[in-house]
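The structure appears below as structure tokens.
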Amino acid sequence: MVRKPLDEEAAAALAKMFKALSDPVRLRLLSLIASHEGGEACVCDLIGPFDVSQPTISHHLKVLREAGLVGSERRGTWVYYWVLPAALAQLSSLLQAADEAGAARTAGVADVAGVAEAAGVAR
């Protein structure tokens, strides 16, 4: 839950993550990595599901890495990627706060409507 507004530095870091995820290929890559058995995926496992070239996949993985969403390690000729849980927690906490605020507003509207209905007031 967000306890205080974001400062400029935190907002810039989160914006970089959201911008990286705004591309459908990168969003799918993150999903593939996160759902891969063992929590990490070889780049060789990430190329097949896309209609783009290997250099394009590598570029998208670089963007995700630079945004702080995934970590990577070279093992022999392949590079392995995994999702960084702390980054997802940051994104999630901001989105969860927005969702909670929206739910509270919706509940408030429902409460007002219920009171008005009980009082016989037409909407």
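Heavy-atom basis, side chains included; hydrogens, waters and symmetry copies ignored. All residue numbers in this chain count up from 1 along the given sequence.
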- Kindly determine whether L32 and D45 satisfy side-chain contact (heavy atoms from CB on, under 4.5 Å), including the steps that lead there. CA-CA 9 Å; L32 282 168; D45 297 324; over 6 Å; no

- Message: Looking at Y80, I'd like to know if the NZ or CZ of R74 sits under 6.0 Å from its six-membered ring centre while staying within 45 degrees of the ring's axis.
- Response: no

What distance do [X] atom [atom1] and [Y] atom [atom2] have between them, rounded to the nearest 0.5 Å?
X: L61; Y: Q54; atom1: CG; atom2: CD; result: 9.0 Å
X: R65; Y: H60; atom1: CZ; atom2: NE2; result: 14.0 Å
X: L29; Y: I57; atom1: CG; atom2: CD1; result: 5.0 Å
X: H36; Y: S31; atom1: NE2; atom2: OG; result: 11.5 Å
X: I47; Y: S58; atom1: CD1; atom2: OG; result: 6.5 Å
X: K16; Y: L21; atom1: NZ; atom2: CG; result: 12.5 Å

- Query: So, the side chain of T56 versus the backbone of V52: is there a donor-acceptor pair under 3.5 Å, distance only?
  - Reply: no

- Distance-only, no hydrogens or angles: does the S92 side chain make a donor-acceptor pair with backbone N or O of A89 under 3.5 Å? no

- Query: L84 and V79: same hydrophobic cluster, using ILVMFWY side-chain contacts below 4.5 Å?
  - Reply: no

- Query: Shared ILVMFWY cluster between L69 and W82, side chains joined below 4.5 angstrom?
  - Reply: no

- Task: Please list, chain by chain and in numerical order, all residues satisfying salt bridge (charged side-chain N to carboxylate O under 4.0 Å, His left out) with E9, sequence neighbours excluded.
- Result: none

- Item | All salt bridge (charged side-chain N to carboxylate O under 4.0 Å, His left out) counterparts of R75, not counting sequence neighbours | E40, E73

- Least distance between heavy atoms, V43 atom then Y81 atom: CB-CE1, 4.1 Å

- Minimum heavy-atom distance P85-V83, with the two atoms named: CD-O, 3.2 Å

- Message: My understanding is that only residues two or more places apart in sequence, or in another chain, count here; which of them pass side-chain contact (heavy atoms from CB on, under 4.5 Å) with V63?
- Response: A20, R26, H59

